[in-house]
Structures are given as C-alpha cells and as structure tokens.
Amino acid sequence: MTVRLYDSRSQSVVDLVPLVEGEVGIYVCGPTVQSSPHIGHLRSALVYDLWRRWLSYRGYRVTLVRNVTDIDDKILASAADDPEQWWALAYRFELEFSAGYTALGIQAPTYEPRATASIGQMHELIQRLIDAGHAYPAADASGDVYFDTASWPTYGELTRQKLADMEPAADADPRGKRDPRDFALWKGHKPTEPESASWGSPWGAGRPGWHIECSAMASRYLGSRFDIHGGGLDLRFPHHENELAQSTAAGDPFANYWVHNGLVNIGGQKMSKSLGNSIYAAEFLQSARPLVVRYYLGSAHYRSTIDYHDGALVEAEAALERIETFLTRVDRRLEGTDRAGSGAPVIPDAFAAAMDDDLAVPQALAVLHDAIRSGNAALDADDLEAAARIRGQVFAMTDVLGINPLLAPWSTAATSEAAPALARLVERLLADRDTAREAKDFAAADRIRDELAGAGIQLDDTPHGTQWSIA
RNA sequence: GGUGGAGUGGCCGAGAGGAUAGGCAGCGGCCUGCAAAGCCGUCCACACGGGUUCGAAUCCCGUCUCCACCUCCA
C-alpha cells in the first residue's frame with residue numbers, strides 16, 4: 001500500500017517516502033490573482049485536492065500550502081489605468097478563485113499564504129543568495145537584484161535544459177542583467193508604480209520578482225526541505241526551474257518530489273487570452289451542476305491533457321447520474337429493512353491499488369462503476385445483503401473522491417420548509433395515478449406522469465411502489 | 001534549434017508483451033400497461049511502415065501528424 005507518484009524531476013514513478021513518517025507536506029503554486037479563474041485553474045486546484053484526500057485516507061497527516069501571488073507586473077499593469085487599486089483588484093480576483101474552489105468542493109488548504117505577507121522571508125533568501133555569490137544587485141541604478149544563472153551549474157536540471165540551448169530571452173529589456181537568462185529576484189521601485197506596491201529592502205525600495213515568493217513561502221511554512229511541490233505543467237519552466245535554482249543555491253534542499261498537473265485545452269489548444277478561447281470558471285459553473293463539473297475535471301488522469309469539447313458535461317452528467325441513481329435506489333430499497341443505513345464504508349482493494357498508483361482515478365472510476373453494476377444487479381435479485389455491502393463501498397469510494405452526492409456540499413437533503421408540502425402534493429398525485437393504473441386508464445396515468453415530468457419530477461415504478469425524485 | 005508529451009473503437013478516456021478497462025451513444029433481448037431506471041448480450045479499437053517475439057496497442061528502428069515549454073501562464 002505504498003503510494004507511488006510520478007516525479008517530474010526524475011521522470012519516473014517512485015514510491016512516496018515522506019521526510020517525517022506519517023506526514024506529508026505539499027506546496028502547490030496557486031494563482032497569480034490578476035484575472036478571473038478559468039477551468040484550468042479549477043482543475044489544478046482539484047488535482048491537489050484529490051492528492052490530499054487520498055493521502056489523508058492513507059493515514060498521512062497532510063499539510064497543504066497553496067499560495068496566492070498577489071503582487072506582480074500584471075496586477076500592477078491591470079490596475080494602472082483604473083481607479084481601482086492594485087491590491088483591491090488582486091483581492092477581488094482572489095475572492096473569485098475562492099468562490100470557484102468552494103463551488104467544486106475543493107477543501108481549503110491547510111494554509112493559503114499571500115506573497116505580500118512574506119516579503120521579509122524573501123529578503124532573507126535573496127541575501128543568502130548574494131552572500132553565496134549566486135545573485136547580484138544590478139550595476140545600473142535600477143535597484144534590481146538578479147539571480148546569476150551562470151553561477152549555478154545545475155541550472156536547468158528540472159527541465160533537462162542546458163543553458164546554452166535555451167533561446168535567448170526575447171525579453172525586451174535586459175536592463176542590468178549580466179546574462180539575458182538571469183531572472184529578477186527583486187525589482188527596484190519605479191516612479192510610475194504606486195507607493196503601496198513598494199517595500200523597503202537592503203537593495204532599495206521595490207517589490208519581489210516572480211518565483212522568489214514561492215521559494216520563500218514554501219520554506220517558511222514547510223521547511224527548507226519538504227515532500228512535494230506541485231503546480232501546472234506550464235509552470236515547470238521557468239517558474240519551477242527558477243524556484244529550484246534559487247532555493248538550492250541558497251542552501252535549501254527544497255522539494256523531494258515535483259508533481260505537475262496536465263492542462264485543459266480547447267479544440268486541441270491551450271486556453272489563452274490572445275486566442276480568446278478561455279472558459280472561465282463562473283460561466284462553466286453556470287452550464288452544469290458543480291458536482292458535474294468536479295466529476296468532469298477530476299475524471300481524467302491528473303497528468304493528462306483534458307481537451308474540452310461540446311457535450312463533455314452532458315457525458316459527465318450521465319455518468320454521475322448512474323452513481324446517484326444507484327445510491328438513491330439502494331437507500332430506498334433498504335429503508336425500513338434491518339439493513340437500512342448498513343453497509344460499512346469500505347474502499348475495495350482494486351480501487352485503492354489504482355489510487356496508490358500515481359492517483360489513477362480513471363481506473364478507480366472503473367472499479368466504482370463495476371461496483372454500481374453489481375449493486376444494481378443485487379437489487380434486481382433482491383439480494384439485500386450484497387446490495388448493502390456494495391452501497392457501503394460506493395459510499396466510501398465517492399466520498400474519498402469528493403463526489404458523494406449524499407454528503408456535503410452536494411447533499412440536497414430536503415430540509416427546506418417547502419419540502420414536506422411538495423412531498424404531500426406529489427404523493428397525492430401518485431395516489432391518483434395508481435388509481436388510474438388499477439383501472440387501466442393509462443391515458444390518465446400518463447397525463448399525471450407527464451405533468452410531473454414537466455415540473456422536473458421523475459417517476460420510477462418499482463415492484464415496491466412508485467418512487468419520485470427531482471431531476 | 002533545445003526539452004517534454006500525445007495519436008486507442010461513433011465519442012470521451014484508461015492500460016503498457018498473452019484475459020472484458022470504464023463511461024456515453026447505438027443495436028438485440030429481459031423487465032414494464034407503456035415508459036424511465038435497471039439487468040444481460042452485442043459493437044472485438046490501438047497513427048503509418050518495418051523489425052524482435054510462440055505472441056505486440058504494449059518492446060526496437062524509421063516515418064507522419066498534433067500539443068506544451070524555452071523567462072507572462074494552472
């Protein structure tokens with residue numbers, strides 16, 4: 001029952017051996033809150049939510065840190081022509097991200113640090129790099145501090161690139177860099193930028209470069225060495241390469257394993273603003289139930305590219321309904337019997353084996369769907385013992401995947417005041433329909449069924465009576 | 001130019017030397033007053049060309065196509 005994961009650095013599936021037995025520390029690159037979240041952002045957060053849930057199920061105490069980068073060039077640029085302050089803009093988008101995560105049932109991370117709250121840790125890290133000879137303040141008067149890539153022999157190790165093979169940066173402004181491939185650790189304050197986006201530092205007032213915040217926050221909260229670093233595949237270079245370089249060059253061993261989630265494409269291409277093909281979280285969550293969105297984004301293997309196509313959500317909805325229908329069906333059948341509520345929540349071995357193997361969710365879902373077929377067959381055969389046992393398995397498997405429709409946040413238990421009134425009216429109509437059916441007045445019976453269907457209420461005639469549910 | 005990834009049945013999507021992945025859609029049957037739901041069966045695919053092997057979707061060689069990254073990116 002060793003959990004295995006694909007480590008991007010070694011390019012192989014390896015056993016997860018935590019630094020501290022029974023505990024796993026994960027740092028995930030969260031968003032730069034410069035615009036609204038799209039479905040790729042949701043997928044990324046969902047992937048680490050699934051990792052966290054599975055590792056927790058396996059008994060690990062998981063510390064999941066997912067940062068918010070709330071200061072960078074684009075945030076300042078977006079707010080520049082606006083009356084809105086950059087920090088207000090960043091926070092507004094941060095709230096949008098949070099809303100998207102919550103809607104999908106993504107559990108809050110253990111901590112969600114903002115970059116602007118760790119400026120001191122960044123200074124400390126930059127100073128160590130300067131002291132070690134791996135960073136230098138720019139020779140011009142910019143106040144910039146750069147990482148010296150040429151001084152770090154293993155630069156490029158994460159993505160297996162040689163410095164010499166890299167395309168020279170098309171970066172318009174090499175400013176005070178010794179080499180175009182050097183990257184900014186600290187950016188000197190410019191007169192055009194707001195004072196509120198400037199922090200004092202040993203090298204003059206300014207703000208952090210991109211990358212340094214993640215190194216600083218990862219070590220601040222998880223230690224100079226920790227278990228897993230995650231993020232989107234597109235962050236491998238330069239972001240993660242630079243994080244690795246600056247942290248290790250400063251003497252921090254940093255992450256033991258690097259995990260990268262696949263991206264969400266549209267029509268075979270990555271979403272991008274220039275192509276205008278992004279699907280934003282808010283609109284996506286309007287087009288289907290959030291549970292369906294979670295199922296859809298979570299059902300592919302986490303390292304695969306998801307290529308979104310029309311109809312994908314309809315298919316996900318159908319698959320999910322199969323799960324929901326079974327659970328509803330089995331609970332109704334067991335209700336009032338001595339097996340009501342029974343069925344120990346046991347995860348089948350085949351499911352666990354799949355999840356242990358680099359989070360093979362697609363195979364785990366195959367186990368889930370097989371269980372549902374067996375469960376339905378058991379119900380058809382009136383084998384309540386088997387039905388209850390399988391019910392428990394389905395309950396447990398969907399729970400660990402965060403798609404158990406009977407549990408929060410998906411449960412729509414009829415707790416509203418209107419529910420009993422609705423039930424009474426529907427049951428009255430069902431009684432009328434039964435009377436009509438007994439009298440073989442099927443036209444009248446079907447009229448009632450159609451009428452209920454028009455109101456979104458589905459009927460299910462079983463040997464044990466007619467069940468109804470809201471579609 | 002460099003570094004990775006991918007091409008699987010009508011669609012989605014796993015697998016990685018020898019059994020049925022799974023879902024959706026379709027078809028046939030059972031059940032039903034008829035439906036719906038459910039069950040059973042069916043649909044036997046792996047970009048192309050060679051090769052290795054008793055056996056290849058899976059390994060090797062070559063070819064084609066697509067995607068991502070190379071200092072904005074989840």
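To find a chain, count down the sequence lines: A is the first, B the second, and so on, and within it residues start at 1. Note that these values count all heavy atoms, side chains included, but never hydrogens, waters or copies made by symmetry.
Rounded to a whole Å, the CD atom of A/Gln458 is 7 Å from the C1' atom of B/A36. Taking atom NE2 of residue A/His211 and atom P of nucleotide B/C69, one finds them 15 Å apart after rounding to whole Å. The separation between A/Glu321 atom CD and B/G22 atom P is 21 Å, rounded to whole Å. What separates CG of A/Asp307 from P of B/C67 is a distance of 11 Å, to the nearest Å. In this structure, A/Asn376 atom CG and B/C31 atom C1' are separated by 14 Å, rounded to whole Å. Atom CD in A/Glu438 sits about 17 Å away from atom C1' in B/C34, given to the nearest Å. Note: CG (A/Leu320) to P (B/G22) measures 19 Å, nearest angstrom.
Here A/Phe147 lies out of heavy-atom contact (under 4.0 Å) with every strand. At the heavy-atom level, A/Leu233 lies nowhere under 4.0 Å from the strands shown. Residue contacts shown for A/Ser299 are absent, as no nucleic acid heavy atom lies under 4.0 Å away. If you check every strand for non-hydrogen atoms under 4.0 Å, A/His239 touches nothing. Within 4.0 Å (heavy atoms only), A/Arg160 reaches sugar-phosphate atoms of the nucleic acid but no base atom. A/Arg447 comes within 4.0 angstrom of no nucleic acid atom, judged by non-hydrogen atoms across all strands. Residue-level contact check: A/Glu241 touches neither bases nor backbone, having no heavy atom under 4.0 Å from any strand. In this structure, A/Arg322 reaches the sugar-phosphate backbone alone: every heavy-atom distance under 4.0 Å involves primed, P, OP1 or OP2 atoms, never a base. As judged by a 4.0 angstrom heavy-atom cut-off over every strand, A/His309 is placed among residues touching the sugar-phosphate backbone only. Residue A/Val367 is classed as having no contact, given no heavy-atom separation below 4.0 Å to the nucleic acid. Using a 4.0 Å heavy-atom distance criterion, A/Gly40 is classed as a base contact.
The residue among A/Ala312 and A/Gln269 whose nearest nucleotide of RNA chain B lies closer to the 5′ end is A/Ala312. Both A/Gln34 and A/Asp370 sit near RNA chain B, but only A/Asp370 has its closest nucleotide nearer the 5' end.
Pair check for B/A68 finds B/U3; Watson-Crick or G-U wobble, both atom distances under 3.5 Å. B/G10 and B/C24 make up a base pair, with Watson-Crick or G-U wobble contacts both under 3.5 Å.
Between the A/Asn67 side chain and the A/Ala115 main chain, no donor and acceptor come within less than 3.5 Å of each other. Listed for the A/Glu243 side chain is no donor-acceptor partner under 3.5 Å among the backbone atoms of A/His211.
Geometrically, A/Arg178 engages A/Tyr136 in a cation-pi contact, judged by NZ or CZ lying under 6.0 Å from the ring centre and within 45° of the ring axis. Annotation: cation-pi pair A/Arg66/A/Tyr27 absent, no NZ/CZ under 6.0 Å from the ring centroid and within 45° of its normal.
You'll find a donor-acceptor pair under 3.5 Å spanning the side chain of A/Tyr155 and the base of B/U71, going by distance alone. For a distance-only test at 3.5 Å, the side chain of A/Asn265 fails to qualify as a donor-acceptor partner of the base of B/A68. The base of B/A35 lies close enough to the side chain of A/Arg449 for a donor and an acceptor atom to sit less than 3.5 Å apart.
Between the side chains of A/Thr69 and A/Asp72, no donor-acceptor pair of N or O atoms lies under 3.5 Å.
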